[in-house]
Protein chains: 2
Amino acid sequence: MKYTKATNYALHIMAYFVKQEGTDNLSLQPLASHMNISPTYLSKILTQLVKADLIQSTPGANGGYSLRKTKTEISFYDVIQAIEGSGALFTCEMDENRTCQIEKVMQDAEAKMVNHLKEKRLVDVV
Amino acid sequence: MKYTKATNYALHIMAYFVKQEGTDNLSLQPLASHMNISPTYLSKILTQLVKADLIQSTPGANGGYSLRKTKTEISFYDVIQAIEGSGALFTCEMDENRTCQIEKVMQDAEAKMVNHLKEKRLVDVV
DNA sequence: ATATTATAGACTGCATTTGTCTGTAATTAT
DNA sequence: ATAATTACAGACAAATGCAGTCTATAATAT
Ligand code: SF4
Ligand code: SF4
């Protein structure tokens, strides 16, 4: 079990947006060379961030991407969830037995990690 | 990012050992039918638990597996680490910049989850 | 209209996970 | 000693998910 590389990229991308807040739209090509990844792959990550409402996109000349929320609102968890989804890390079939203690311990543990990630904002690290 | 099925199996297997503590060796075939997985696959999981010193194995007639530690010593994390290994969930190359804040937030978050898993023991849920 | 931007989706290659199969080593029972 | 019983090791294959590319389409500005 590991976080995906896409999550790593997304955190760095969003940190960069936070750092550049207030400037013009950032378009794909410059972003890609700054991050050292291919434009098409970066595009897919950015689109996920758009769908999660963390950034907004505008097509056409002088278009690009920019922050949607104010920078102090964006937590680590917002970014991670946009890429990894929101399913629990540990799930078990056979949901008959809803008094399951194993699942509860695992999900309580995950919740502690998630709470920390919700508290920390990108603006704390730029 | 998800916990593997092997981890799920391992937790249930170890919980079963804790429940049966003090009885004779449990051998592969009965364990496999109790858990509803194939003996050969189960064998690989059990071998990992042996290598992590959570259970011990004895070959030959009347052999099998049994707990190595006393049941109150075994934490969730012991079992998970035996299967998933001990690497960090989030790592980043370019280790030049050792004042990295992103990595720190991620690893602090993981530590909170790990601490919870170290506190909770299997004996708490049987 | 044309150039510029993002978006969608098919597609490939790769790594990991899940699982099977076969043979070998160690121990006990006869 | 021999045979039966058990775990262990490693090769193998199938399935899944991740990483990345490519091409075509849609939307906007000039
Ligand atoms: S006890 Fe919980 S984790 Fe185990 S099989 Fe039942 S629901 Fe799943
Ligand atoms: S800032 Fe941290 S996470 Fe980002 S590239 Fe540097 S070391 Fe890696």
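In the text below, chain A, chain B and the rest are named by the order of the sequence lines, each starting its count at 1.
- Residue B:Y65 places at least one side-chain N or O under 4.0 Å from the OP1 or OP2 atom of D:dC8.
- Residues of residues 75-86 of chain B that place a heavy atom closer than 4.0 Å to DNA chain D do not occur.
- Following rounding to the nearest Å, A:M35 (CE) and D:dG20 (P) show an atom-to-atom distance of 15 Å.
- With sequence neighbours excluded, the residues that form a side-chain contact (heavy atoms from CB on, under 4.5 Å) with B:S66 are B:N25, B:Q56.
- Among the nucleotides D:dA19, D:dA9, D:dT6, the one closest to any side-chain atom of B:S27 is D:dT6.
- Atom P of nucleotide D:dA19 and atom CE of B:M1 are separated by 12 Å, given to the nearest angstrom.
- Identified under the ring pair (Phe, Tyr, Trp, His ring centres under 6.0 Å) test for residues 101-126 of chain A, with sequence neighbours left out: none.
- For the side-chain contact (heavy atoms from CB on, under 4.5 Å) test, residues two or more places apart in sequence or in another chain that qualify with B:E21 are B:L67, B:K71.
- The CD1-P distance, from A:I45 to D:dA19, rounds to 9 Å in whole Å.
- Per the geometry, CG belonging to A:L28 stands 14 Å off P belonging to C:dA8, to the nearest Å.
- Distance CG (A:L46) to P (C:dT5): 14 Å, rounded to an integer number of Å.
- Side chains of A:E84 and A:T4: a donor-acceptor N/O pair is present below 3.5 angstrom, by distance only.
- For A:K51, a side-chain nitrogen or oxygen approaches OP1 or OP2 of C:dA8 to under 4.0 Å.
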**Q.** Base-contact (B) and sugar-phosphate-only (S) positions in nucleotides 22-30 of chain D, heavy-atom cut-off under 4.0 Å, - elsewhere
**A.** B----BBSS
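- For residues 49-80 of chain B, the set of pairs meeting the ring pair (Phe, Tyr, Trp, His ring centres under 6.0 Å) definition, not counting sequence neighbours, is empty.
- C:dT16 atom C1' lies 15 Å from atom CG of B:L89, rounded to whole Å.
- Nucleic acid contact for B:Y9: sugar-phosphate only, since backbone atoms but no base atoms lie under 4.0 Å from a heavy atom of the residue.
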Table please: side-chain donor-acceptor pairs of residues 43-53 of chain A below 3.5 Å, with sequence neighbours left out.
residue	atom	partner	partner atom	Å
A:T47	OG1	A:S43	O	2.9
A:D53	OD1	A:R68	NH1	2.8

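- Within the 4.0 Å cut-off from OP1 or OP2 of C:dT16, not a single side-chain nitrogen or oxygen of B:T4 is found.
- Taking 4.0 angstrom as the limit, B:S43 places none of its side-chain polar atoms (N or O) nearer than this to OP1 or OP2 of D:dA7.
- Screening residues 37-58 of chain B for ring pair (Phe, Tyr, Trp, His ring centres under 6.0 Å), with sequence neighbours left out, gives no hits.
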Side chains of residues 119-126 of chain A: which donor-acceptor partners sit under 3.5 Å, not counting sequence neighbours?
residue	atom	partner	partner atom	Å
A:R121	NH2	A:D124	OD1	3.1
A:D124	OD2	A:R121	N	2.9

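- Whole-Å rounding puts the B:K2 NZ to C:dT16 C1' distance at 16 Å.
- Here C:dT28 presents its P atom at 14 Å from CG of B:D24, a figure rounded to the nearest Å.
- B:K112 places no side-chain N or O within 3.5 Å of a backbone atom of A:E110 that could act as its donor or acceptor partner.
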